[in-house]
Amino acid sequence: MAAVSMRSRSRSTELSPEEERILIRDIALAAEANSKEGDIFYLLTQRWWQHWIDYVNQDQPNNPNDVSFVSEHYDSAGSSTLKRPAGIDNSDLIYDAASADTNSGIDIHDTLLEGRDYVLLPQEVWNQLHTWYGGGPTLPRKVISSGLSQTEMAVEVYPLRLQLLVMPKELHRSACDIFDLSMEQVCIWDYYGRRKHALMNDMDKTLDDANIQMDQDILVEVLNPVNGTTLGRSTSSVRYNGSLEKEGASVLVEPSKSSLSIAGGLSATKGASRSYSVELIQSQGLIARELDTPYGTIGVSTRGSSCGLTGLQNLGNTCFMNSAIQCLVHTPEFARYFREDYHQEINWQNPLGMVGELALAFGELLRKLWAPGRTPVAPRPFKTKLARFAPQFSGYNQHDSQELLAFLLDGLHEDLNRVKHKPYIKSRDADGRPDEDVADEYWANHIARNDSIIVDVCQGQYKSTLVCPICNKVSVTFDPFMYLSLPLQSTTTRTMTVTVFTCDGSALPSACTVTVPKQGRCRDLIQMLSNASSVKHSEKLLLVEIQHHMIQRFLEDPLISLSTIKDDDHLAAFKVPKLANTKYLQLIHRHREQGNSDSQITSGWKPYGTPLVLPISCDDEIIGGNILMKVHKMLSPMLRTKSLEHTKISGVSSVTEGSDPSLDLCSGGACADSVVSNSANKDITSSKPVSSLELPLQLVGENNNTCTDLWVGVEKAIRLASSSTSILIYVDWSQKFLEKYDTHYLENLPEVFKYGPVTKKARSEPLSLYTCLEAFLREEPLVPEDMWYCPQCKERRQASKKLDLWRLPEVLVIHLKRFSYSRSMKHKLETFVDFPIHDFDLTNYVASKKNARRQLYELYALTNHIGGMGSGHYTAHIKLLDENRWYSFDDSCVSPINEEEVKSGAAYVLFYRRVTTEDADASC
């Protein structure tokens with residue numbers, strides 16, 4: 001086998017990168033054109049695939065000014081030839097790299113996303129790449145038919161998590177082995193949703209045909225060996241070590257995430273005894289439950305571990321879902337309800353519901369999140385149910401967390417609606433009756449059709465008053481609400497942070513924060529930065545965008561819209577002289593990074609830090625020594641030993657005390673444009689180079705394929721192509737020079753705008769949550785699209801509408817309307833809203849005077865949206881009431897925070913709970 005592998009790799013080295021690219025392209029086109037059900041595709045890590053793509057495309061035409069492709073894949077310093085990829089390594093896709101040797105039963109990570117973590121290759125393409133490069137592990141997946149018509153082809157990346165999935169006979173045999181019973185004594189039931197659906201006695205039907213779902217429950221029903229009757233009501237005795245006595249019993253075996261799983265949950269460990277000790281139950285998740293109390297678990301728990309601090313894995317842009325779920329899960333009333341027996345309230349026949357499946361999926365997820373331990377949960381089963389009943393949330397695009405929350409509350413209500421048959425009730429007009437009577441009548445009619453835990457906890461009532469502008473007809477209705485969507489005052493400005501550098505060595509770089517028009521242009525940003533950083537009349541600011549330690553683009557066009565600059569971008573501005581006919585030196589910093597490859601320690605230069613820009617005039621000859629001097633001058637403020645600032649460099653002189661100021665290449669506070677020739681420079685010395693300042697500088701050639709040491713021949717002229725607009729120079733920082741320069745000023749370039757705890761200055765003039773509520777309740781005319789039909793005029797009128805709060809719920813959900821939409825654009829309001837954490841007093845906003853008690857609320861959870869439209873991120877801040885402590889829930893990461901950190905400009909959906917005298921008893 002070794003000889004074959006050697007020959008394969010030898011043959012592949014005869015192919016150029018271009019030949020490899022063309023061959024794989026042709027194979028892929030032929031394979032995908034003839035794909036059919038049953039074909040095999042292979043998972044390949046995106047990291048290796050991208051390296052190979054770069055390798056085979058390195059000879060393709062590219063922008064000579066684009067240096068963003070510089071990466072760790074290049075050969076030693078000074079070479080632009082991309083290294084050939086090493087063997088295929090899929091270890092980052094799987095849980096246990098040690099199991100890769102078997103290539104069977106390999107579990108891939110639950111959160112993988114195509115295009116981000118892996119690509120799918122047809123078998124022919126994989127075989128060819130594997131022949132050339134070897135490696136693994138091999139991760140094959142089948143093409144299956146999907147969709148309602150079974151005509152759509154899809155690659156089943158995540159097969160049903162069942163090892164023995166051929167026929168139920170295997171399920172029977174496994175159950176008998178586990179419980180030491182004969183096959184005649186066991187009946188297997190599809191127990192999805194904890195209801196007996198079907199007896200799985202058809203030995204020719206596959207589990208897929210039987211519609212067995214991932215991680216669902218299977219009921220193992222044991223028959224009386226004497227007369228064949230079911231001992232479904234007898235109580236199984238459980239010894240203290242957790243093993244089952246061999247009495248007749250019906251037990252429910254819950255799903256497990258062990259490596260050997262059977263029928264979506266029945267689990268076993270190779271070589272394990274059948275006694276099922278407590279340790280095995282804990283490690284494998286195999287829990288036996290008595291059928292008489294099917295929802296009460298046997299007492300196997302972990303002492304001393306906190307509950308409710310479990311994160312949710314991000315399955316790919318599912319942070320919007322995770323943040324909303326965590327807030328609902330940590331609502332005390334819901335936490336209690338779904339951890340008890342709620343199944344008797346499921347409305348299986350409600351045509352407006354989801355046949356109980358959404359409630360069951362949510363309940364199971366809630367129980368996992370409240371279980372002892374803090375291992376993050378992958379909400380894949382819940383996501384699957386969500387996509388089934390709400391296709392708008394299918395796939396892995398980012399969505400609005402509030403829209404998902406609205407769907408969940410409504411869907412859970414319909415699944416748990418206690419009203420099985422909704423009566424038809426016609427609403428009566430007020431006709432001058434007291435508001436209290438009309439409101440109670442409307443609420444009673446609502447409860448007659450809608451009665452669930454969601455209504456009990458989250459639904460309130462507001463009074464809606466419409467007045468016809470023509471006949472003054474007044475119409476009063478009392479409508480339920482699940483949440484309040486409050487408008488925000490639009491802001492017309494945005495805050496931007498840019499790091500400003502000087503090229504004359506007069507100052508260290510500093511971050512400058514300015515306020516600019518939100519729909520402004522680059523000229524507005526440059527003007528504000530120039531004022532804030534005291535740019536001289538002879539200078540200007542050169543604005544650049546930085547990505548991956550490289551200059552992504554020069555923002556020289558003053559008409560570039562600021563909307564193209566995102567909050568998480570990184571910008572730098574350089575003070576340069578106002579000159580014509582100028583080229584720019586791009587200083588790309590590199591440091592040596594150690595790594596392991598093929599059991600050998602290798603090292604290479606990788607870009608890091610913030611690249612710098614220096615102007616140089618093209619009117620005179622460009623000499624290497626002058627470039628060295630300019631670079632040294634710009635970096636001099638970062639020298640740890642100031643005495644080294646004025647030192648002569650071999651072949652070119654630097655300014656010393658008492659020298660002629662006219663010879664200062666950077667006089668006047670701005671970097672000089674003229675290059676002093678050798679004949680004109682009276683101070684050129686032949687002294688030896690000062691080793692402490694010989695910072696290695698590599699001049700990159702025109703085609704990015706050669707590097708020249710600038711310290712070799714400092715007096716030589718440098719010839720550049722007239723079409724080149726910039727000069728690329730590598731600054732290689734060895735450990736010796738990192739000790740002499742304080743380079744932390746070049747690291748951690750701040751984002752344009754970063755959300756965080758709001759400063760005192762930002763809180764001085766906040767937009768109050770009370771102000772938002774008053775805007776929501778303010779009388780205003782209906783928009784033309786929502787004109788009201790006046791029953792007295794018999795015509796549609798643009799009536800005025802006034803809302804009043806009438807009945808408040810136990811849990812008040814408030815949505816801050818940060819997103820606005822129009823036909824041509826989407827817009828996010830970054831307004832900071834000052835919302836109360838304690839004592840949110842709504843007493844004066846409730847129109848009903850029937851209840852005289854104060855309407856006080858306390859914040860216990862909120863979702864945050866960080867970033868811009870379509871590219872943002874959702875998190876949640878939640879107060880664990882039994883600990884009286886706040887935590888940040890950022891997908892898998894859960895960490896404690898101070899109460900002061902709860903308020904920020906990213907707050908999106910707020911969850912308040914009513915303050916009562918029994919508040920201490922309301923925690924989970």
Side-chain angles (χ1 to χ4, degrees), residues 282 287 295-313 322-342 362-377 379 382 405 408-409 412 453-454 456-458 808-814 835-840 854-864 875-904 907 909-924:
Q282 281 185 304
I287 302 174
Y295 310 112
T297 59
I298 291 175
V300 180
S301 62
T302 304
R303 294 182 178 271
S305 60
S306 299
C307 295
L309 294 177
T310 302
L312 286 167
Q313 294 181 12
N322 293 348
S323 61
I325 288 175
Q326 292 286 14
C327 290
L328 290 180
V329 161
H330 287 85
T331 298
E333 293 81 358
F334 294 157
R336 283 195 300 269
Y337 179 85
F338 284 99
R339 291 161 76 187
E340 296 172 354
D341 180 10
Y342 64 94
F362 180 80
E364 287 302 312
L365 183 56
L366 182 144
R367 291 184 179 201
K368 291 178 182 178
L369 293 176
W370 277 101
R374 298 185 64 171
T375 303
V377 173
F382 181 83
L405 180 66
L408 285 180
L409 289 174
L412 290 174
I453 181 65
I454 306 299
D456 297 342
V457 175
C458 292
L808 294 180
E810 292 302 308
V811 170
L812 179 62
V813 180
I814 296 180
F835 50 89
I837 297 178
H838 305 283
D839 297 332
F840 182 34
R854 294 184 66 191
Q855 304 290 325
L856 287 179
Y857 284 83
E858 182 179 81
L859 186 76
Y860 72 91
L862 70 153
T863 65
N864 304 295
T875 64
H877 290 161
I878 295 171
K879 184 177 183 179
L880 228 59
L881 298 178
D882 55 350
E883 294 185 13
N884 195 30
R885 188 174 186 181
W886 284 92
Y887 288 87
S888 170
F889 287 73
D890 186 353
D891 289 332
S892 299
C893 180
V894 180
S895 56
I897 59 174
N898 297 323
E899 189 172 278
E900 301 81 56
E901 301 176 69
V902 171
K903 290 188 180 183
S904 78
V909 181
L910 310 174
F911 290 76
Y912 284 93
R913 59 191 301 267
R914 189 190 299 275
V915 176
T916 63
T917 55
E918 299 83 12
D919 196 46
D921 300 328
S923 68
C924 293

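Start at 1 with the first residue, then count along the sequence.
Residues Leu880 and Gly308 approach most closely at CD1-O, 3.9 Å, considering heavy atoms. Contact detail for Cys327 and Ala876: the closest heavy-atom pair is SG-CB, 4.1 Å. Shortest non-hydrogen contact noted between Ser323 and Thr863 is O-CG2, 3.8 Å. Pro332 approaches Tyr860 most closely through the heavy-atom pair CD-CE1, 4.3 Å.
Residues passing the side chain to side chain donor-acceptor pair (under 3.5 Å) test with Arg885, sequence neighbours excluded: none. Taking Pro376 as the reference, Gln313, Ser892 meet the side chain to side chain contact (heavy atoms under 4.5 Å, CB included) condition, with sequence neighbours excluded.
Atom CD1 of residue Ile878 and atom OH of residue Tyr887 lie 11.5 Å apart, to the nearest 0.5 angstrom. Here CD of Glu899 is found 4.5 Å from CD1 of Ile837. Values are rounded to the nearest 0.5 Å. Note that CG of Leu366 and CD of Gln326 are 9.5 Å apart. Values are rounded to the nearest 0.5 Å. Between His877 atom NE2 and Leu910 atom CG the span is 12.0 Å, to the nearest 0.5 Å. The CG atom of Leu409 sits 5.5 Å away from the CD1 atom of Ile454 when rounded to the nearest 0.5 Å. Remark: Arg914 CZ to Arg854 CZ distance equals 13.0 Å, nearest 0.5 Å.
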Practice prompt. With side-chain contact (heavy atoms from CB on, under 4.5 Å) as the test, would you mind laying out the steps for Thr331 and Tyr337 before giving the verdict?
Written response: CA-CA 10 Å; Thr331 298; Tyr337 179 85; over 6 Å; no
Fill in: Stepwise side-chain contact (heavy atoms from CB on, under 4.5 Å) test for Asp839 and Tyr857
CA-CA 6 Å; Asp839 297 332; Tyr857 284 83; over 6 Å; no
Practice prompt. Apply side chain to side chain donor-acceptor pair (under 3.5 Å) to Asp890 and Thr875, showing your working.
Written response: CA-CA 5 Å; Asp890 186 353; Thr875 64; 6.0 Å; no
Fill in: Candidate pair Ile325 and Leu312, rule side-chain contact (heavy atoms from CB on, under 4.5 Å), full reasoning
CA-CA 9 Å; Ile325 288 175; Leu312 286 167; 3.9 Å; yes
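Contact of the Glu333 side chain with the Val811 side chain is registered, since non-hydrogen atoms from C-beta on lie closer than 4.5 Å. Proximity of Phe362 to Leu328: side-chain heavy atoms (C-beta onward) are separated by under 4.5 Å at one or more points. Counting heavy atoms from C-beta outward, Trp370 and Arg339 have side chains that approach closer than 4.5 Å. Looking only at side-chain heavy atoms (C-beta outward), Leu859 and Phe835 come within less than 4.5 Å of each other. Counting heavy atoms from C-beta outward, Asn864 and Ser904 have side chains that approach closer than 4.5 Å. No side-chain heavy atom of Leu365 sits less than 4.5 Å from a side-chain heavy atom of Val329. Residues Tyr912 and Leu862 have side chains not in contact (no heavy-atom distance under 4.5 Å, counting atoms from C-beta outward). Residues Phe334 and Cys458 have side chains in contact (heavy-atom distance under 4.5 Å, counting atoms from C-beta outward).
Using a distance-only test at 3.5 Å, with no hydrogens or angles considered, a donor-acceptor pair links the side chain of Glu901 to the main chain of Asn898.
Close placement of the Phe889 and His330 rings is indicated, their centers lying within 6.0 Å of each other.
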